[in-house]
Amino acid sequence: MEQRAALLDSGGYGVVALYFVLLFGVGIAGRLARREDSLADFYLGGRALGPLVLFLTLYATQYSGLTLVGFAGNAYRQGYAFLVAVTFGCSIMGGYLMIAPRLHALSKTHGFVTPGDFLQQRYGDRTLTLCATAIFVFALASYILSNLKAIGFVVSAATGGRVGFTEGIVLLAFLMVLYETLGGMRAVAWTDVIQGSILLVSCILIFAAVLHHHGGLAQHAALLAEQAPQKWQAPDLRGKLGWSSTLLLVSFGVSIYPHAVQRIYAARDALALRRSLSLMLLMPFVTTLLMILLGILGAARFPGLSRGESEQIVLHVLLDLVTARPEFSLLVVVLVCATVAAIMSTVDSALLSIASLVTQDLYALLRPDAGQKQLTAFGKRFSWALMALLVYLAVALPQTLWRLTEVKLEVLCQAAPAVFLGLHRPEVPARAVLLGMGAGLGLTLVLLLGDLLGLPVVAKPLGVHAGVWGVALNGALTLALSRGASRLLQRAA
Amino acid sequence: MTRGRLYGLSTLLLLATAPWPFSAGHVEAGSAMPMPPWALYSLGMTLLYAVSMAYFLKRYWSLSADGETEAMPTSDGRD
């Protein structure tokens with residue numbers, strides 16, 4: 001195994017080991033806190049999450065390792081144009097404004113566990129529910145896969161190759177599925193409190209230390225304008241359309257991620273949910289923005305890095321700081337822990353959610369006589385089996401198939417009209433939604449993957465994402481068919 | 001305020017965060033500016049959006065929660 005300089009020293013390993021023990025302990029605590037063996041208790045924490053836990057679990061789930069690594073890397077390569085990421089962090093609350101209040105109220109009345117429960121109650125169409133569930137499962141599985149791959153790289157880098165890519169994935173996947181199957185949503189939410197706190201404090205500490213060392217942003221901004229003026233310039237029209245497209249894609253897509261919807265269900269009451277969503281509006285400014293500014297500072301300070309090197313720009317900047325100021329070496333441990341925490345908090349939530357979807361929306365159909373205890377037990381076994389499969393895929397998936405994981409958000413968006421219209425337009429019938437979803441999904445996939453089939457298509461016509469075109473077609477067709485169906489019924493009457 | 005207007009307004013505010021008023025092209029960096037003017041605009045509009053959304057969540061939560069009628073009576077829970 002190739003060994004490089006490790007980022008962690010013996011003290012760092014000790015901190016990480018303590019963190020792992022803490023996670024396991026939380027898993028045990030979650031198990032002991034269970035009130036009953038039911039899907040609602042296991043997957044929704046008994047619908048009793050208060051505002052602080054709810055806020056931190058929403059925060060930790062939304063901000064993955066991409067925040068600490070990918071965002072800074074993107075800012076390094078794109079410059080200030082990547083500030084769109086700050087806005088899309090807020091735009092998700094725009095999506096929640098439209099769905100969370102009503103969805104929370106309905107979930108209390110009808111006892112929803114999964115997004116599929118809402119769709120089934122609203123439309124009464126099993127085919128529609130299953131199609132939407134398939135979309136949700138694909139999006140979540142893709143999300144887990146890309147994060148598992150990231151965690152393998154982080155562990156390998158942190159240990160200087162002593163723990164390899166595959167071993168890192170296996171070790172952390174085992175830990176995640178262990179505490180998740182022990183304590184369910186309680187364990188996941190309580191570990192998110194730890195992981196979210198680490199992430200938030202780390203972003204602020206690292207940014208503050210680097211900024212203090214470099215004496216502010218202005219001089220680096222001026223240097224960047226000189227070295228790479230394209231990173232300083234405003235986007236052109238196509239870029240602005242792409243900016244807006246990104247915001248719409250994220251606002252509609254991320255707000256209906258099943259693990260996010262289940263946190264809406266899991267809120268103790270509407271006040272707790274509202275407060276936590278309001279707090280979330282601040283988080284892009286103290287997380288995403290700070291990482292983007294670090295990426296931009298890095299672009300000025302370390303020009304000419306390759307794409308792969310630029311993905312580690314936060315580490316570059318930090319190691320540069322530590323070289324000059326060794327007293328800040330603890331920040332490297334902080335960065336490693338924060339990155340691992342961010343990835344784990346996302347993966348465990350997504351895994352829990354997939355298991356609930358498969359259990360409630362698929363297995364329960366095949367075993368209608370199964371009791372809650374039996375269903376919960378199945379869900380736990382499924383989590384273990386699924387994680388094993390995803391670990392294998394994270395290690396062995398051919399490079400060409402990784403492209404499929406990049407289309408998850410655009411595919412996920414195609415379920416958005418079903419949810420948004422379902423909540424606010426009672427006249428929209430199931431078949432209209434199903435046909436719209438099919439058309440939107442078809443258009444999205446043709447635009448995204450058509451070049452593999454030799455079709456003369458571009459993935460972002462006019463700079464607008466394929467998924468947004470898909471949602472536009474999806475929604476328009478759904479509403480048009482709804483109006484047509486309404487007129488037919490009126491004539492018949 | 002109706003739900004349609006509320007959601008329309010929030011979407012417009014969101015789209016207004018893009019730096020529409022600024023044309024592409026070289027902009028001189030001021031000696032004390034931490035970022036280009038268009039980026040400051042975008043961040044400022046994002047902050048406005050965030051504050052607006054916090055207000056909407058507080059003021060119009062019930063409006064967004066109340067349905068005009070109960071959803072189509074199809075099935076209650078699972079088949």
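Letters go in sequence order (proteins before strands), and every chain restarts at 1.
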Is [X] in contact with chain A via its backbone, its side chain, both, or neither, using a 4.5 Å heavy-atom distance?
| X | result |
| --- | --- |
| B:T17 | both |
| B:F56 | both |
| B:L13 | neither |
| B:S52 | neither |

Test item: [X] and [Y] side chains (from C-beta on) under 4.5 Å apart, heavy atoms:
| X | Y | result |
| --- | --- | --- |
| B:Y49 | B:M45 | no |
| A:L421 | A:T478 | yes |
| A:L273 | B:W61 | yes |
| B:L57 | A:R275 | no |

Heavy-atom contacts under 4.5 Å, residues 278-287 of chain A to chain B: A:S278, A:L281, A:F285
Residues in residues 89-98 of chain A near chain B [non-hydrogen atoms, under 4.5 Å]: A:C90, A:S91, A:M93, A:G94, A:L97, A:M98
Test applied, side chain to side chain contact (heavy atoms under 4.5 Å, CB included); reference residue, A:V433; option that passes from A:L119, A:L128, A:D125: A:L128
Heavy-atom pairs under 4.5 Å with chain A, option from B:S10, B:P19, B:G4 with the top count: B:P19
Pick from B:L6, B:V51, B:T11, B:L47 with the largest number of heavy-atom pairs that fall under 4.5 Å of chain A: B:L47
Heavy atoms of other groups near B:K58 NZ, more than 12 under 6.0 Å: no
Neighbour count above 12 (heavy atom, 6.0 Å) for A:R238 CZ: yes
Among the listed options A:D236, A:L247, A:L217, the residue most often paired with chain B at heavy-atom distances under 4.5 Å: A:L247
Heavy-atom donor-acceptor pair, A:K231 side chain to A:L224 backbone, under 3.5 Å: no
Nearest heavy-atom neighbours spanning [X] and [Y]:
| X | Y | answer |
| --- | --- | --- |
| B:W38 | A:A234 | NE1-N, 3.0 Å |
| A:S276 | A:P51 | CB-O, 3.8 Å |
| A:L54 | A:A272 | CD2-O, 3.9 Å |

Steps toward side-chain contact (heavy atoms from CB on, under 4.5 Å) verdict (A:L362, A:L357): CA-CA 7 Å; A:L362 296 173; A:L357 293 176; over 6 Å; no
Test of ring centre spacing under 6.0 Å for A:F118 and A:H110: no
Which atoms of A:L103 approach chain B - backbone, side chain, both or neither, heavy atom under 4.5 Å: neither
